[in-house]
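Just so it is clear, the model here is predicted, and its values are computed rather than measured.
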Amino acid sequence: EGKPSPTVENNFFLTLVPIHGYQSDMFVTQFPFVNRPFDDRQQTHDEMKRQLTKSGQAGWTFIDLLSDFALLLYLCKFLDVSQDMPKICESVKDREVLLDDGYKIIISSMAGMDGSY
């Protein structure tokens, strides 16, 4: 340090940072991610059905299971991002804001669930 050098030791610029796991009380992570090649599950309506059919079991509500970032991104492919998704995300963010029954019916029917919400 202090005098010019044609080479630099890379370790001089590295800093060790601890990695801490995080468990969210608001969001779940059960729906398959789109960019995980080691996961043999794909993002499909069947996977959406598998996740959403847990509603009403073991304390899960429909909005709890819908609070999955990967699932919300998957829904963006099929629902209007400017009209539908903000209302759904508002219900996910603030549990006091109830999700309209119409959205529950649309998402359940997309998943192949008959009246199970």
Side-chain angles (χ1 to χ4, degrees):
E1 294 180 37
K3 59 183 177 178
S5 175
T7 61
V8 177
E9 181 63 36
N10 288 341
N11 290 339
F12 178 77
F13 297 105
L14 297 179
T15 302
L16 296 178
V17 179
I19 299 174
H20 296 283
Y22 178 74
Q23 182 69 29
S24 174
D25 295 332
M26 182 179 279
F27 300 104
V28 295
T29 55
Q30 299 175 0
F31 196 71
F33 290 99
V34 72
N35 59 350
R36 300 295 194 266
F38 55 84
D39 190 359
D40 60 342
R41 299 180 310 148
Q42 298 292 318
Q43 288 187 339
T44 63
H45 284 22
D46 290 334
E47 283 293 333
M48 185 167 58
K49 180 179 181 179
R50 182 176 294 129
Q51 179 161 331
L52 295 177
T53 53
K54 297 175 189 173
S55 178
Q57 302 171 5
W60 292 108
T61 64
F62 189 83
I63 198 68
D64 288 338
L65 295 166
L66 197 60
S67 300
D68 187 315
F69 186 71
L71 177 58
L72 291 171
L73 286 178
Y74 180 71
L75 287 175
C76 287
K77 295 179 183 179
F78 307 102
L79 298 175
D80 188 358
V81 176
S82 62
Q83 294 293 318
D84 300 328
M85 292 308 296
K87 294 176 184 175
I88 294 170
C89 290
E90 183 63 30
S91 294
V92 167
K93 184 179 80 169
D94 183 5
R95 301 300 168 93
E96 299 295 320
V97 177
L98 298 177
L99 183 64
D100 293 337
D101 284 339
Y103 289 119
K104 292 180 183 179
I105 292 170
I106 291 169
I107 294 169
S108 295
S109 65
M110 284 174 53
M113 302 164 51
D114 296 325
S116 301
Y117 57 87

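Of the possible donor and acceptor atoms, none in the side chain of S55 sits under 3.5 Å from a partner among the backbone N and O of L52. Checking side-chain atoms of S67 against main-chain N and O of V28 turns up no donor-acceptor pair under 3.5 Å. Not one N or O on the side chain of D100 forms a donor-acceptor pair closer than 3.5 Å with the backbone of G102.
How far CG of N11 is from CZ of F13: 10.5 Å, rounded to the nearest 0.5 Å. Rounded to the nearest 0.5 angstrom, K77 NZ and L79 CG are separated by 12.5 Å. Separating the CD1 atom in I107 from the NE2 atom in H45 is a distance of 11.0 Å, to the nearest 0.5 Å. Atom CG in L14 sits 9.0 Å away from atom CD in E9 (nearest 0.5 Å). Between T53 atom OG1 and F62 atom CZ the span is 10.5 Å, to the nearest 0.5 Å.
Residues L71 and F33 do not share a hydrophobic cluster, defined by chaining ILVMFWY side chains whose heavy atoms lie under 4.5 Å apart. Cluster membership check: L72 does not share its hydrophobic cluster with V81, using side-chain heavy-atom separations under 4.5 Å among Ile, Leu, Val, Met, Phe, Trp and Tyr. In terms of hydrophobic clustering, with Ile, Leu, Val, Met, Phe, Trp and Tyr side chains grouped at heavy-atom distances under 4.5 Å, M26 and L75 are assigned to a common cluster. Linking ILVMFWY residues whenever their side-chain heavy atoms come closer than 4.5 Å, directly or via other members, places M48 and F27 in the same cluster.
For F69, the CZ atom is loosely surrounded, since the number of other residues' heavy atoms within 6.0 Å does not exceed 12. Around the CD atom of Q42, the shell of radius 6.0 Å holds no more than 12 heavy atoms that belong to other residues, nucleotides or ligands.
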Check the pair T44 / K49 against side-chain contact (heavy atoms from CB on, under 4.5 Å), numbers first and verdict last.
CA-CA 9 Å; T44 63; K49 180 179 181 179; over 6 Å; no

List the steps and the verdict of side-chain contact (heavy atoms from CB on, under 4.5 Å) for L99 and L66.
CA-CA 10 Å; L99 183 64; L66 197 60; 3.8 Å; yes

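Heavy-atom minimum distance, L65 versus Q51: O-NE2, 2.6 Å. Of all heavy-atom pairs spanning A70 and P32, the tightest one is CB-O, 3.8 Å. For the residue pair D68 and Q30, the shortest heavy atom distance occurs at OD2-N, 2.8 Å.
The aromatic rings of F31 and Y74 sit tilted relative to each other, their planes meeting at an angle between 30° and 60°.
No side-chain heavy atom of F78 sits under 4.5 Å from any side-chain heavy atom of I106.
When only modelled atom types and interatomic distance are considered, R95 and T61 share no side-chain donor-acceptor pair under 3.5 Å.
The side chain to side chain donor-acceptor pair (under 3.5 Å) analysis of residues 80-89, with sequence neighbours excluded, yields the pairs D80-S82, D84-Y103.
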